[in-house]
Amino acid sequence: MAEATKVKPVKAPKLADPMEASIEPATQEMIRRAQALQIETVFDRAVTMKPCAIGLQGICCKNCAMGPCRLPLPKNGIEGEDTRKGLCGATANTICARNFVRMIAAGAAAHSDHGRAVAETFLSAAKKETKDYTIKDPAKLIQIAPYFNVATTVEVDGVTKDRDIDEIALEVAEEAIKEWGKPEGTLNYLKRAPQPLQDKWEEQGVKPRNIDREIVEVMHRTHMGVDQDYKNLMKQGTRASLADGWGGAMIATDLQDVMFGSPTPLQAEANLGVMKEDHVNIIVHGHEPLLSEMIVAASQSQELIDYAITKGAKGIQLGGICCTANEVLQRHGVPPAGTFLQQELAIITGACDAMVVDVQCIFQNLANVAKCFHTKLITTHPIAKMEQENVIHIEFNEHYAMEDATRIVKMAIDNYENRGADVMIPQHKTTQIAGFGVESIKYHLGGTFRGSYYTLNDNIINGRIRGLAGVVGCNNARTKHNEEHITLIKELIKNDVLVLTTGCSAIAAGIHGLLTPEVAAVYCGPGLTEVCETVGIPPVLHLGSCVDNSRILLAATEVVKAGGLGNDLSDLPVAGSAPEWMSEKAIAIGQYFVASGVYTVFGYHMPLDGAPEFKDYLYKGMEDIYGGKWDCEPDPIKHAHKMIAHIDKKRKELGIDKARDRVLMDMADRQALGMD
Ligand code: XCC
Ligand code: SF4
């Protein structure tokens with residue numbers, strides 16, 4: 001019996017190795033500090049909890065109470081007929097496809113609900129119900145109005161006159177909101193795509209009717225016993241994804257630009273080192289810029305700065321995490337303090353006086369970390385609260401936006417004096433240029449043909465720029481923080497591929513110093529270096545947040561329009577990538593890129609291995625339908641070369657592969673002659 005009462009020795013919890021967890025020094029330092037303070041972070045949890053092997057394969061169904069039914073692939077693969085089925089008979093293809101399209105629906109819902117909130121606020125602004133939101137970019141409003149069938153001019157006595165901007169705003173706001181639930185027709189913004197792409201969507205019957213409907217229909221079709229044909233399920237998944245990219249997300253971007261101003265390139269810093277020991281530090285985190293725009297304004301008000309000084313601080317320092325960071329960066333130059341995986345670390349500095357969160361990508365563990373410090377963790381959105389008792393909820397209301405923001409900033413200032421002695425801000429920060437958009441690319445690359453993409457196309461055709469890559473998306477604690485983003489981007493620019501980046505990938509690129517024109521000479525191939533040096537742009541262009549992936553779609557559309565590179569997005573030498581993806585939004589984005597004709601490679605892993613036939617459909621079959629397809633490659637160098645191979649294939653199809661050979665030979669010749 002004595003045996004049985006023996007006390008098991010308590011094992012020390014497994015901890016992450018900081019050098020294995022991240023390639024980024026501030027992150028490594030803060031993981032070490034967290035461990036010294038015995039504060040657990042996502043990096044530690046990633047080593048103690050392994051992902052579920054069945055879920056990883058994408059073939060666990062819990063869509064009814066006869067399950068969960070799990071259909072793992074046999075060790076040696078399928079020999080002969082695949083007889084795996086759930087209790088209801090659902091095949092691996094059905095289960096995997098249902099799970100996949102539900103991810104699309106969740107992602108599309110997240111972006112689109114964000115878009116809806118922006119549209120509703122815009123409507124309030126147009127109705128003059130709120131004084132805090134106004135139209136900062138009337139030109140953008142006039143540019144988008146025709147897509148909503150809103151006239152921008154009016155005939156008075158035979159003379160065409162500009163319509164009143166407030167009238168246009170009101171009509172656009174009303175029309176925009178209808179996109180979520182109109183009973184007839186299809187989404188207005190689909191008209192912005194190249195005609196052949198619109199024709200493809202029409203032919204396939206995948207034009208989204210309204211945003212909410214497509215998401216609801218995914219939920220219906222994936223309910224127990226409804227759609228049991230993976231191709232038909234993907235048809236709906238495609239509709240829902242297009243309702244995101246060419247719908248909710250695109251409307252979010254546009255109306256944010258109208259209300260808060262379209263971004264123009266600006267300089268800012270990046271990384272945890274932007275926090276200041278002698279300032280009140282406020283971190284805004286999440287996705288919707290509605291409140292954070294007001295927090296930026298409040299923190300710049302002299303009254304609040306003076307108040308902060310009375311409390312012994314030298315001023316107020318704002319910083320951002322995740323896409324809220326990108327929103328306030330691209331419009332105001334507020335520096336991002338970190339990517340998705342650095343959110344806990346910002347609090348672990350001990351210098352975060354308030355972290356203000358809205359929606360999406362917010363760790364519930366922030367509340368546990370905040371308990372170890374003085375940090376006020378403030379939730380602000382009615383749909384995103386936390387159960388822990390130390391979390392403060394200040395519900396944001398667009399009608400009292402500035403009051404809410406002022407209250408939050410004051411709360412942070414009042415909290416400054418509660419800071420402990422143990423502040424440690426890692427001294428790592430970089431300089432970056434962010435805030436590119438469809439219009440500013442036009443301007444910078446416009447050359448003599450100002451206002452056109454002609455010069456960009458010309459440089460693609462002559463081969464100085466080999467092609468374009470969209471590198472976007474999250475961090476994932478199952479991969480080494482930032483390593484895939486940075487290795488991939490460096491390999492692409494080394495091979496003369498101009499990179500457009502958004503989301504946490506953009507923040508990572510900024511933190512690792514890839515967003516300055518000067519890096520061209522260090523990392524880029526000769527062609528891209530020449531272009532960047534001539535026009536003074538970085539080889540990696542920061543295009544904003546995740547909803548701003550719509551900017552990438554529109555920039556690519558401009559490239560088609562400028563001519564010489566085919567008639568459709570699928571003709572272009574472009575590729576997409578999310579090397580460290582984790583969120584369902586990434587899957588929605590991936591699918592709308594694929595369905596818009598773009599070859600899209602994800603890193604880490606895709607939850608498809610348990611259904612090889614369905615996987616094959618995404619990795620090959622999609623190309624026959626839309627001209628774009630999925631792929632997955634965890635190794636960032638191989639990943640880059642898959643994208644480059646696709647770009648080269650497209651160059652060949654366009655008959656411009658020879659031009660590039662010539663350019664490179666010219667360069668080599670010149671170098672050989674010492675004329676470079
Ligand atoms: Fe979230 Fe947009 Fe992903 Fe970053 S990149 S982890 S979704 S914040 Ni969109
Ligand atoms: Fe199992 Fe079918 Fe129910 Fe899914 S829907 S849990 S496969 S019985």
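Indexing begins at 1, ligand by ligand and atom by atom, following the structure's order.
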Please determine whether a side-chain nitrogen of the Lys or Arg among R331 and D257 lies less than 4.0 Å from a carboxylate oxygen of the Asp or Glu.
yes
Is it the side chain (CB and beyond), the backbone, both or neither of S583 that lies under 4.0 Å from ligand 1, heavy atoms counted?
side chain
Quick one: does ligand 1 sit under 4.0 Å from the side chain of Q360, the backbone, both or neither, non-hydrogen atoms only?
neither
Going by the atom numbers of ligand 1, which of them fall below 4.0 Å from some non-hydrogen atom of C322?
8 (S)
Suppose I only count heavy atoms of C61 and a 4.0 Å limit; which atoms of ligand 2 are within that range?
4 (Fe), 5 (S), 6 (S), 7 (S)
Does the distance from a Lys or Arg side-chain N to an Asp or Glu carboxylate O, for D244 and K585, drop under 4.0 Å?
no
One finds that the ligand 1 atoms under 4.0 Å from a non-hydrogen atom of H287 are 1 (Fe), 2 (Fe), 8 (S)
Where ligand 2 meets M224 - atom numbers and elements under 4.0 angstrom, heavy-atom basis:
5 (S)
Test item: side-chain donor near acceptor, H542 and N326, under 3.5 Å
yes
Can we say R478 and E580 salt-bridge, meaning some charged N sits less than 4.0 Å from an Asp/Glu carboxylate O?
no
Taking the inter-plane angle between the rings of W630 and F602 on a 0 to 90° scale, is it parallel (under 30°), tilted (30 to 60°) or perpendicular (over 60°)?
perpendicular
In terms of side-chain geometry, is the basic nitrogen of E344 or R45 positioned less than 4.0 Å from the acidic oxygen of its partner?
yes
Which atoms from ligand 2 have a heavy atom of C88 less than 4.0 Å away?
2 (Fe), 5 (S), 7 (S), 8 (S)
Atoms of ligand 1 under 4.0 Å from any heavy atom of C323, numbered from 1 in the order shown, are 2 (Fe), 8 (S)
Hey, which atoms in ligand 1 end up nearer than 4.0 Å to a heavy atom of M582?
6 (S)
Between C474, A325, G503, flag the one that comes closest to atom 6 (S) of ligand 1 by a heavy atom.
C474
Side-chain H-bond candidate by donor/acceptor type, N482 with N475, under 3.5 Å:
yes
Just jot down the ligand 2 atoms closer than 4.0 angstrom to any heavy atom of G67, in number order.
6 (S)
How close does the nearest protein non-hydrogen atom get to atom 4 (Fe) of ligand 1, and which residue and atom is it?
C504 SG, 2.3 Å
Residue, atom name and distance, where the atom is the protein heavy atom closest to atom 1 (Fe) of ligand 2:
C69 SG, 2.3 Å
Distance-only side-chain donor-acceptor flag, Q432 / H512, under 3.5 Å:
no
Any chance the rings of Y592 and W246 have centres within less than 6.0 Å?
no
Give me the residue, atom name and distance of the protein heavy atom closest to atom 3 (Fe) of ligand 2.
C64 SG, 2.4 Å
What atoms in ligand 1 come closer than 4.0 Å to a heavy atom of C361?
1 (Fe), 6 (S), 7 (S), 8 (S)
Give the C-alpha distance, both sets of side-chain angles, the deciding distance and a yes or no for ring pair (Phe, Tyr, Trp, His ring centres under 6.0 Å) between F363 and F340.
CA-CA 9 Å; F363 287 176; F340 174 70; 5.0 Å; yes
Checking the side chain of D548 only, and the main-chain atoms of T502 only, is there a donor and an acceptor separated by less than 3.5 Å?
no
Just which atoms of ligand 1 are under 4.0 Å from any heavy atom in F340?
6 (S)
Which of the ligand 1 atoms, numbered from 1, are nearer than 4.0 Å to a heavy atom of G473
5 (S)
Heavy-atom contact check, 4.0 Å cutoff: does R98 meet ligand 2?
yes
Using a cut-off of strictly less than 2.8 Å, determine whether C546 has an N/O/S atom near atom 4 (Fe) of ligand 1.
no
Identify whether the distance between the nearest side-chain nitrogen and carboxylate oxygen of D229 and K235 falls below 4.0 Å.
no
